Chemist: 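Dropping a structure here in structure tokens format, bear with me for questions.
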Amino acid sequence: GENVEQHPSTLSVQEGDSAVIKCTYSDSASNYFPWYKQELGKRPQLIIDIRSNVGEKKDQRIAVTLNKTAKHFSLHITETQPEDSAVYFCAASIGYKLSFGAGTTVTVRA
Amino acid sequence: EAGVAQSPRYKIIEKRQSVAFWCNPISGHATLYWYQQILGQGPKLLIQFQNNGVVDDSQLPKDRFSAERLKGVDSTLKIQPAKLEDSAVYLCASTPFGAHSYEQYFGPGTRLTVT
């Protein structure tokens, strides 16, 4: 099955700086790559996603890049704010079956 | 629209006891998933339903876990008997089948503690 690795496991950034989280996947057939944000005690919520036919996607301060050849994708958060503090999960899927990474705990320091 | 509903939100049981969780997906969502999220890890898919049929249960420990989705709407996940390592948050999610988006909508989860 699909195996997704996520790095780093924890990330501390100064408010206003950028944060980058990287993921690799094993199955070249994966065609959908979402990123979920999970605040403490709450449900995971989709923040951005990308399909295999797109190399980059941006939504305000958040962007995702995909390198199909290398089988890795990254989340970029610019101008970080305290409310960006959360656990972020990447995932890869073939169709509807998602395999998640282990998560990155992001802490934004004021 | 109303989100995915789950109950109970919290459950504490002793090992070897039984427990059941309930999920009500978003209205009209044909695909329903149960995930297990152990503390510090990402969600792991246990079972996927398409309407009332099982699409994938390859990671469901069938000797103790069972799930059903009668009538293709609500679903229940049961553990019998529970083990200490079953302590986790059990998340339910749903997706509208055939939609142009694969986005999965998650419920608030049920936090299970097995003592």
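Residue numbers start from 1 in every chain, and the chains themselves are labelled A, B, ... in the order their sequence lines are given, proteins ahead of strands. None of these values were measured; they are calculated from a predicted model.
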Chemist: Measure B:Gln6 against the heavy atoms of chain A and call it side chain, backbone, both or neither at under 4.5 Å.
Modeler: neither
Chemist: Please classify the contact of A:Gln6 with chain B as side chain, backbone, both or neither, using a heavy-atom distance under 4.5 Å.
Modeler: neither
Chemist: After noting the C-alpha distance and the side-chain angles of B:Ser58 and A:Lys97, does the key distance pass the side chain to side chain contact (heavy atoms under 4.5 Å, CB included) rule?
Modeler: CA-CA 11 Å; B:Ser58 58; A:Lys97 182 176 181 179; 3.8 Å; yes
Chemist: Please name the pair of heavy atoms, one in B:Gln37 and one in A:Phe89, separated by the smallest distance, quoted to 0.1 Å.
Modeler: NE2-CZ, 3.3 Å
Chemist: Would a single hydrophobic cluster contain both B:Tyr35 and B:Ile38, if residues Ile, Leu, Val, Met, Phe, Trp and Tyr are joined by side-chain heavy-atom contacts under 4.5 Å?
Modeler: no
Chemist: Tell me if the CD atom of A:Glu79 is crowded by more than 12 foreign heavy atoms within 6.0 Å.
Modeler: no
Chemist: Take atom NZ of B:Lys71 as the centre, draw a 6.0 Å sphere, and report whether it contains more than 12 heavy atoms from other residues, nucleotides or ligands.
Modeler: no
Chemist: Would A:Arg43 and B:Tyr105 count as a cation-pi pair here, with the cationic atom under 6.0 angstrom from the ring centre and within 45° of the axis?
Modeler: no
Chemist: Against chain A, label B:Gln41 side chain, backbone, both or neither, depending on which of its atoms sit under 4.5 Å from a heavy atom there.
Modeler: backbone
Chemist: Using heavy-atom distances under 4.5 Å, tell me whether A:Pro44 contacts chain B through its side chain, its backbone, both, or neither.
Modeler: both
Chemist: How about A:Ser99 and B:Leu45: do any of their side-chain heavy atoms sit closer than 4.5 Å?
Modeler: no
Chemist: In terms of hydrophobic clustering (I, L, V, M, F, W, Y; side-chain heavy atoms under 4.5 Å; direct or indirect links), are A:Leu11 and A:Trp35 co-clustered?
Modeler: yes
Chemist: Using a heavy-atom cutoff of under 4.5 Å, enumerate the residues of residues 68-78 of chain A that contact chain B, numbered in order, or state 'none'.
Modeler: none
Chemist: What's the spacing between B:Tyr102 OH and A:Leu46 CG if we round to 0.5 Å?
Modeler: 14.5 Å
Chemist: Is B:Ile47 reachable from B:Val55 through a run of hydrophobic residues whose side-chain heavy atoms are each under 4.5 Å from the next?
Modeler: no
Chemist: Listing request: all side-chain hydrogen bond (donor to acceptor under 3.5 Å, both in side chains) pairs with a residue in residues 52-64 of chain A, at least two apart in sequence or in separate chains.
Modeler: A:Asp49-A:Lys57, A:Arg61-A:Asp84
Chemist: Are more than 12 heavy atoms, taken from residues, nucleotides or ligands other than B:Leu39, located less than 6.0 Å from that residue's CG atom?
Modeler: no
Chemist: To the nearest 0.5 Å, what is the distance between CG on A:Leu98 and NZ on B:Lys44?
Modeler: 15.0 Å
Chemist: Check whether B:Val54 and A:Ile94 end up in the same hydrophobic cluster, where Ile, Leu, Val, Met, Phe, Trp and Tyr are linked by side-chain heavy atoms less than 4.5 Å apart.
Modeler: no
Chemist: Going by atom type alone, with no hydrogens or angles, which donor-acceptor pairs under 3.5 Å involve a side-chain atom of residues 106-113 of chain B and a protein atom two or more places apart or on another chain?
Modeler:
unit_1, atom_1, unit_2, atom_2, d
B:Thr110, OG1, B:Pro8, O, 2.5

Chemist: Look at atom CD of B:Gln80 and say whether more than 12 heavy atoms of other residues, nucleotides or ligands are closer to it than 6.0 Å.
Modeler: no
Chemist: Please collect all ring pair (Phe, Tyr, Trp, His ring centres under 6.0 Å) contacts where either partner lies in residues 54-92 of chain B, sequence neighbours excluded, each pair once.
Modeler: B:Phe21-B:Tyr90
